[in-house]
Protein chains: 2
Amino acid sequence: MIEGDASGESRRTARRGGASVTVSQVAHAAGVSPMTVSRVVNGDPRVSQATREKVDEVIRDLGYVPNPAARSLASGRQCRIGLLYSNPSASYLSEFLVGALAEAARHDAQIILEQCEAEADAAALVGQLRRHRLDAVLLPPPLCDDPQLVEALVGVGMAVAQVATGRPAEGAHTVCMDDEGAAAAMTARLIALGHRRIGFIGGDPRQASSQLRLTGYRRALAEAGIAMEAALETAGDYSYRSGLASCEALLDLAVPPTAIFAANDDMAAAAVAVTHRRGLDVPRDVSICGFDDTAIATTIWPELTTVRQPVAEMARMATQLLAGAIAGGAEERQAASDESVAFSLIARDSDGPPQRA
Amino acid sequence: MIEGDASGESRRTARRGGASVTVSQVAHAAGVSPMTVSRVVNGDPRVSQATREKVDEVIRDLGYVPNPAARSLASGRQCRIGLLYSNPSASYLSEFLVGALAEAARHDAQIILEQCEAEADAAALVGQLRRHRLDAVLLPPPLCDDPQLVEALVGVGMAVAQVATGRPAEGAHTVCMDDEGAAAAMTARLIALGHRRIGFIGGDPRQASSQLRLTGYRRALAEAGIAMEAALETAGDYSYRSGLASCEALLDLAVPPTAIFAANDDMAAAAVAVTHRRGLDVPRDVSICGFDDTAIATTIWPELTTVRQPVAEMARMATQLLAGAIAGGAEERQAASDESVAFSLIARDSDGPPQRA
DNA sequence: TTGTATGCGTTATCAG
DNA sequence: CTGATAACGCATACAA
């Protein structure tokens, strides 16, 4: 018995660098079977309070930590979550990653970054993902709005979470924010401030959020009884450069708007730049609002009034959904859940009442 | 025989969702032993060319992918790399993560994010890290400059990589960029443009890079035979807000500088904002340069001339170093390597020749 | 409530 | 160069 233990010990140490404590050692020290230790660790309810406390104590003393590799090998469940991204807007990706990684750590899941072009062949992509042994996929915009991709992924049995999508797909989990409501709220704020001519800089038409935000803008206008005007709705694509052009167009109008609402912060920042370039003041001459509350919103001057989109939180929830789906097995994967998070208006210094003409 | 196979098959399928191909199946199909398949997969040289080709073919046909959990359990080597961060500058973290995650995927390593305050107790932190079973730690600035932390980490046998540090520690891997050289090069560029009064906005004095960048600035001035002037060196802390104050001070000088070199992009962006606020033009009235080439550099107008610090590449190298160290075992961990990456000057629109007085 | 047997997919070790 | 065997650390299934 003793000899067996000793030889086992030396073998292990020979193989591995750090001597790690195992269930057996804990079990031995606590005077119970390895199985009981496993139950305690996994919170199995059918363990007497007494043994549980004793085992917990030994675990603390010995500093036992479960070996994730052994765990996933034995249980057969692993957790490799792919994060597909195509448009690496640094701040968005960063916040997304922070949320996803935090939650992944809790589930011992691995996040695997996978960059891919938006136009990539869905079938080829799926093959590539399988090669990485992914069980689930996190889809931030704009990929989450690609129906073919989502369908292909769900088709091969992967759990997929669409984050901030405007096109929820059958069988996929979704975590969304009410983009339309947020856009309406921001527009209403501008109206309450006294603005009547509010310009809108739209986002990439290929992303569902663009349409949602535009609709929210229009709805608020309608509710306030303000007539819409086509010239006040310019088409951007979420890029800074497009914001520049759109703002120029807006300010070139015979009767320029007193406020500009851009569908994201980058374009709003561009609008601020153009406005400054023309010798106008923000917000005195023109109020400017953004959307997303990314880093740029607080970096430029004046700081942008914007809509806060809790990206990290959304990524966290999506990851949790996926981890749960994988753990639950195929049957639970069917019952894809749709979560939604709340937006909030962040009032800063880029908007104010319109100037008296 | 057949029955045995069949029962094993059904059991496996019962446990796991996706039927994954195993070494045994590949071995069977190729008419060799599982061990040989393992050798082929791991590139063991002592396998005949013929068998290797045959096995490789079967692997492709069956779509075999090694199970990482089983692999690390059997080999005893795992790869859990912690990424400690305290100052979540979104863009830096994002780029860092992209690099680290990309390399981690290649080594089947897991990146575990761990936020911690800069003043945290090193001992407590180390305990926390052990609880996560980390084998190695990635240390971006400013944490990489905390000698106590690094020492504590190395002390408990963890492989640690200091990224962009100014204080390389004994036993730790380092991946650096020549901050001083880069700052000197940027300053020299400004001098070549014709500037003689160049203001400098320094970074957080607690981060080693700040001193390095300041030294580079001074060196270039000295080499050009331009007298240094204390009033032209202002103290920032890498934050946008500090850049605002420093730039105000610089422009309030009796004889303001014709160019301002900020130790990072955020402060440079702030300088641009202040300059605009005063009705001055960039770069006509004042040239402004940044450092790091973060997202903000290309988002504001005019786009910033800056130093590109290849953060993703540095994170990638650091991760590779760590993965190698873990795989190599304790002995190799001693031979910590110091890598360095090249910087580059990115000329954009925020600088130009000084205005003729 | 607790313990026993067994296997997860892979690799280390040693024998051929 | 190749194969048989025995772990790796844990969890499932079933027995007590």
Side-chain angles (χ1 to χ4, degrees), chain A residues 4-5 7-28 30-55 59 64-78 108 133 327 329, chain B residues 4-5 7-28 30-52 54-55 59 62 64-78 108 133 327 329:
Chain A
D5 257 336
S7 91
E9 184 64 32
S10 68
R11 279 196 142 237
R12 187 160 50 61
T13 338
R15 274 213 196 168
R16 314 200 0 140
S20 57
V21 184
T22 73
V23 265
S24 312
Q25 295 174 28
V26 174
H28 190 80
V32 298
S33 80
M35 204 47 241
T36 302
V37 176
S38 173
R39 290 200 177 98
V40 171
V41 171
N42 294 325
D44 191 313
R46 30 177 217 185
V47 180
S48 75
Q49 192 58 27
T51 31
R52 157 163 288 124
E53 280 171 9
K54 176 149 203 173
V55 171
I59 286 180
Y64 167 74
V65 183
N67 179 325
R71 198 193 276 243
S72 76
L73 179 56
S75 68
R77 63 171 133 261
Q78 55 186 342
D108 251 314
R133 283 183 163 262
Chain B
D5 257 337
S7 92
E9 186 64 34
S10 67
R11 282 195 140 237
R12 185 161 53 58
T13 338
R15 273 212 197 168
R16 315 201 0 140
S20 56
V21 184
T22 74
V23 264
S24 311
Q25 294 173 28
V26 174
H28 189 81
V32 298
S33 78
M35 202 52 236
T36 301
V37 175
S38 172
R39 289 200 177 98
V40 170
V41 170
N42 295 321
D44 190 316
R46 23 172 225 187
V47 179
S48 74
Q49 192 57 27
T51 34
R52 154 163 290 123
K54 175 148 204 173
V55 172
I59 286 180
L62 268 49
Y64 166 74
V65 182
N67 178 325
R71 198 194 275 245
S72 77
L73 178 57
S75 69
R77 61 173 137 260
Q78 54 184 346
D108 251 314
R133 283 184 163 258

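So that the names make sense, note that chain A is the first sequence line, chain B the second, and so on, each numbered from 1.
In this structure, the separation between CD on B/Gln25 and CD1 on B/Ile59 is 12.5 Å, given to the nearest 0.5 Å. Rounded to the nearest 0.5 Å, atoms CG (B/Asn67) and CG (A/Leu73) are 6.0 Å apart.
Side-chain proximity of A/Leu73 to C/dT10, D/dC10, C/dC8: nearest is C/dC8. Here the nucleotide nearest the side chain of B/Arg71, chosen from C/dT10, D/dA11, C/dA12, is C/dT10.
Rounded to an integer number of Å, the gap from A/Lys54 NZ to C/dT1 P is 19 Å. Remark: C1' of D/dC14 and CG of A/Asp44 are 14 Å apart, rounded to the nearest angstrom. Protein atom CD of B/Gln25 is 11 Å distant from nucleotide atom P of C/dC8, rounded to whole Å. B/Ile59 has its CD1 atom 16 Å from the P atom of C/dG9, to the nearest Å.
In this structure B/Ser33 satisfies the side chain to side chain donor-acceptor pair (under 3.5 Å) test together with B/Thr36, sequence neighbours excluded. Under the side chain to side chain donor-acceptor pair (under 3.5 Å) criterion, B/Arg71 pairs with B/Asn42, sequence neighbours left out. Shown here are the side-chain contact (heavy atoms from CB on, under 4.5 Å) partners of B/Ala30, two or more places apart in sequence or in another chain: B/Val32, B/Lys54, B/Val55, B/Val58.
Fit an axis to the five pairs at each end of the helix from C/dT1-D/dA16 to C/dG16-D/dC1 and the two axes sit 30° apart, to the nearest 10 degrees.
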Under 3.5 Å, which protein N or O atoms sit close to an N or O of nucleotides 1-3 of chain D? Give each pair with its distance.
residue, atom, partner, partner atom, Å
D/dT2, OP1, B/Ser48, OG, 2.9
D/dT2, OP1, B/Thr51, OG1, 3.0
D/dT2, OP2, B/Ser48, N, 2.8
D/dT2, OP2, B/Thr51, OG1, 3.1
D/dG3, OP2, B/Ser33, N, 3.2
D/dG3, OP2, B/Ser33, OG, 3.3
D/dG3, OP2, B/Thr36, OG1, 2.5
D/dG3, N7, B/Arg39, NH1, 3.2
D/dG3, O6, B/Arg39, NH2, 2.4

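For the pair B/Asn42 and C/dT11, the criterion of a side-chain N or O lying under 4.0 Å from OP1 or OP2 is met. Side-chain nitrogen and oxygen atoms of A/Ser75 include none within less than 4.0 Å of the OP1 or OP2 phosphate oxygen of D/dC10.
The minimum heavy-atom distance between A/Asp44 and A/Arg52, with the atom names listed, is O-NH2, 2.9 Å. In terms of heavy-atom proximity, B/Ala27 sits nearest to B/Pro34 at CB-N, 3.5 Å. Scanning both residues, B/Tyr64 and B/Val21, for their nearest heavy atoms gives CD1-O, 3.4 Å.
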Hey, mind stepping through B/Val23 and B/Val41 against side-chain contact (heavy atoms from CB on, under 4.5 Å) and telling me if it holds? CA-CA 10 Å; B/Val23 264; B/Val41 170; 5.6 Å; no
